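Quick caveat, the model's predicted, so the values are computed rather than measured. Residue numbers begin at 1 in each chain, while the letters A, B, ... track the order of the sequences.
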Amino acid sequence: MIYNFTRTILMDALSKLGVDNVQIILEKPKNSDFGDLSTNIAMQLAKQLKKAPRLIAQDLIDNLNIDNNFVQKVEIAGAGFINFWFSPFFFQKMLSDISIASENYGKQTIGNGQKVLVEYVSANPTGMLHIGHGRNGVIGDTLANLYDFLGYDVTREYYFNNAGNQMRNLAKSVYVRYRQLTDAPDFEMPEDGYFAEYIIEIAKKYIVENGTEFIEQNDKNLQKFQKFAEIINFENIKKTLIDLNIHQDTYFNENHLYESGKIQALLDKLKVKDLIYEKEDALWLRLSALGLENDRVAVKSTGEPTYRLPDIAYHIEKFERGYDKIVDIFGSDHIATIPDVIAVVKALGYDTDRIDVVIHQFITLTENGQQVKMSKRSGKSYTLDELIEEVGADVVRFFLLMRGVNTHLEFDLNLAKEQSDKNPVFYLQYAHARICSIFEKIEKGNIQVKFSNNLSGINESVEFELIKKLAEFPYIIQDATKNAEPHILSDYLRELASIFHNFYHNCRIIGEEALIMSGRLALATATKNIIANGLNILGISSPEKM
RNA sequence: GGUUCCGUAGCUCAGUAGGAUAGAGCACAAGUUUCCUAAACUUGGGGCCACAGGUUCGAAUCCUGUCGGGACCGCCA
C-alpha cells in the first residue's frame with residue numbers, strides 16, 4: 001500500500017516534469033533515520049536530465065501532491081535520495097486494510113487462472129528417497145503452493161521411468177539377494193548393482209509372499225522381481241512424500257511416451273527438420289546446428305533411445321497439454337543436459353520462454369562438524385525417512401528451504417535435532433503459539449473485548465514497524481515466486497516473527513484500555529494469519545501451543 | 001581441458017534491476033521476568049565482501065583475469 005501510494009504520487013510529479021516511462025525503485029531504508037520508504041529516482045535520472053541529483057529531487061518534491069493525512073515528512077538526503085515518513089493515520093489505515101482481508105491477506109489473482117505445471121521429485125522407483133530428493137521435492141512443492149496462492153491453476157507432477165537400465169539393475173540386485181537368501185549364499189552381486197540394505201528387505205519380503213523355491217535367472221523371472229521391487233519402492237516413496245507434506249497430483253510414466261507413439265512422432269519431426277542423422281549405427285541430434293557445442297546421441301546403436309529423446313518428447317507433451325507455464329525442478333547434475341533439451345524443443349517451434357528451469361545445488365550433511373558422506377554405491381546414504389524420523393518433518397522442510405536454491409546447503413544434523421531456541425523453526429512457530437495463547441487467555445478469562453474499526457489506539461513505533469512488515473507480505477510472495485526462491489519467504493517470516501516478539505515484549509494487550517487493546521488485538525491477529533499462511537505455503541505446521 | 005554454481009563476521013548464510021554507516025542467526029560477553037508462554041527481549045565486540053585490474057559521481061553487486069571448493073562434461077538417467 002505505501003508502495004503503490006508513493007509510486008503514484010511520484011509518477012504524477014515526474015510527469016509534471018515531463019519524465020515518463022521510468023521505473024521507480026522504492027526501498028525500505030536499512031537505517032530508520034532515512035524514513036519509512038526511500039527512492040533513488042533522482043540519481044537514476046541524473047544522466048538523462050543532465051542535472052545534479054539533489055536538484056532533481058528538489059524539483060520532484062516541489063511537484064509532489066502530498067496529502068498531509070498520509071505523509072508526515074519528505075526529505076532529501078545523501079547524494080539525492082528522497083525519503084518519506086508516513087503518518088500514524090496511514091499506518092492505522094494499512095492495518096485496517098490488512099484486517100479486512102483477514103486470512104486472505106496476500107492472496108492474489110495475478111495468476112488469473114493460468115495453468116502451471118510444476119514437476120518435481122521425479123525419482124525413478126529404484127530405491128528410497130534421499131536428502132537430495134528431499135530438497136528437490138520441498139522446493140517444488142513450495143513453489144507450487146506459491147503459484148497456487150497467486151491464483152494460478154497448478155498441477156503437481158511426478159515423472160518417472162520404470163523401464164531401462166537402472167530398473168534392470170535393480171531387478172538383478174533383488175534377484176541376487178534372493179538367491180543369497182535361498183539356495184546360493186555366494187551368489188555374486190553385479191558390480192554396478194544396488195548394495196543398500198533395503199534391497200535385502202525387498203528380497204525377504206518376496207520370500208514371505210512367494211516362498212523360497214528355486215528361481216532361474218532369465219528375463220521373464222527378472223521382470224517379476226522388477227515389478228515386485230518397483231511396487232514396494234513406490235509405496236515407500238509415496239509414504240515418505242506424504243510424511244514430508246509433499247503432494248503430487250499426477251504421475252507421468254515415461255513409458256507412455258513410447259506407447260502413445262509420441263517418441264516415434266518426435267523422431268519423424270526431427271528427420272523432417274533435418275535435426276537428426278545416422279552415424280556409426282546410432283542416431284545423432286544435430287545440436288551443433290542449434291548453436292550448441294556437440295552433437296549428441298538420441299538413439300543408441302542398440303536401438304534404445306537415450307534419455308534425451310523422451311525428455312524432449314515429455315516437454316512437448318507438457319506444451320500440448322496446454323500449460324501456460326512449465327516449471328522443472330532439477331538437481332545441478334542435470335545442468336549440462338538442459339540446454340540440449342530446450343534447444344530442440346525450441347527448434348520444433350515451441351515457446352520455450354514459458355519453461356522455467358529451477359536448478360538447485362547439492363546438500364552436504366554434517367554431524368558433529370564432520371561431513372557425512374552420501375554414496376549411492378555403498379548404500380550408506382542417509383535416507384529421507386531416517387532424517388524425518390530423527391528431526392521431524394517441519395524441521396526438515398525448513399532446513400531445506402531456508403537457503404537459496406543455488407547454494408550448496410549444509411544440513412547440520414546437530415542443529416536440526418536441537419529442540420531448543422537455537423533451532424530457527426521454533427522461533428517462527430513460537431510467535432504463532434504466543435499469539436494463540438493470548439486469545440486463549442481472553443477466552444478463558446472471560447475478558448471483554450470491544451472490536452472496533454477505530455485503530456487510533458495504535459501509536460507506538462514498534463507497532464508501526466510491525467504494520468510495515470505485515471504490509472510487505474504480498475510483495476514477498478510475488479518475489480519468492482518470480483525468483484523461484486522459497487527462502488525469500490522463510491527469511492521474511494523470521495524477520496516478521498522477530499518484530500512481533502519485540503512488539504510483544506514492549507506492548508501489553510490484555511488489560512490495556514479498550515481502544516489500545518482492540519488495536520493491538522487486530523495487530524496480533526493479522527500477524528498470526530500471515531505467519532500461519534506463510535508457514536502453510538512452506539508446508540510447515542503452525543502449532544497453537546508449544 | 002571445457003561448462004556451471006559457490007567464495008561476505010569464528011560457524012551457517014542474506015544482500016548481486018550499481019547507492020546512504022555491508023546485514024541476520026548461531027557462538028562469545030553483559031543485562032531484562034510481582035506483568036498475555038524467557039523456545040522471548042535489550043546491549044556489546046567481531047569484516048582486505050577470495051585476490052588483482054577495469055567500467056563511473058558511486059562496485060560485495062557489472063566486465064576481464066587469477067586462486068580455492070562443489071556439480072556436470074557417455075551410445076548412463
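- Taking atom P in both B:C63 and B:U55, one finds a spacing of 15 Å when rounded to whole Å.
- A:Lys50 places its NZ atom 16 Å from the P atom of B:U56, with the value rounded to the nearest Å.
- Nearest nucleotide to the A:Phe426 side chain, out of B:C41, B:A39, B:C36: B:A39.
- Ranking B:A17, B:G15, B:C13 by closeness to the A:His487 side chain, first place goes to B:G15.
- Scanning atom types as modelled, no donor and acceptor separated by under 3.5 angstrom connect the side chain of A:Asn506 and the base of B:A40.
- Taking syn as a glycosidic angle within 90° of 0, B:A17 qualifies as syn.
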**Asked** Going 5' to 3' along nucleotides 67-76 of chain B, which nucleotides have protein heavy atoms under 4.0 Å from the base (write B), which only from the sugar-phosphate (write S), and which from neither (write -)?
**Response** --BBSSSSBS
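- If you measure from atom CD of A:Gln44 to atom P of B:U56, you get 17 Å, rounded to the nearest angstrom.
- For the pair A:Arg508 CZ and B:U34 P, the interatomic distance rounds to 12 Å; values are reported in whole Å.
- When each of B:A20, B:A38, B:U12 is scored by its nearest atom to the side-chain atoms of A:Glu410, the top-ranked nucleotide is B:U12.
- B:U66: Watson-Crick or G-U partner is B:A50, with both key distances under 3.5 Å.
- Comparing B:U16 with B:C75, their C1' atoms sit 41 Å apart, to the nearest whole Å.
- Note on A:Tyr427: a side-chain N or O is less than 4.0 Å away from OP1 or OP2 of B:C41.
- Note: A:Tyr120 and A:Tyr158 fail the aromatic proximity criterion, with ring centroids not under 6.0 Å apart.
- Of the candidates B:A77, B:C36, B:A17, B:C36 carries the atom nearest the A:Tyr504 side chain, counting heavy atoms from C-beta on.
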**Complete:** Quick tally for nucleotides 21-32 of chain B: nucleotides whose base has a protein heavy atom under 4.0 Å get B, sugar-phosphate-only ones S, the rest -, giving B----SS-----
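- For A:Asp491 and B:U12, the CG to P distance is 17 Å, given to the nearest whole Å.
- Look at the P atom in both B:U64 and B:G46: the space between them is 36 Å, to the nearest Å.
- Candidate nucleotides B:C36, B:A20, B:A77 were compared by shortest atom distance to the side chain of A:Ile510, and B:C36 ranks first.
- When the C1' atom is compared between B:A14 and B:C6, the two are found 14 Å apart, to the nearest whole Å.
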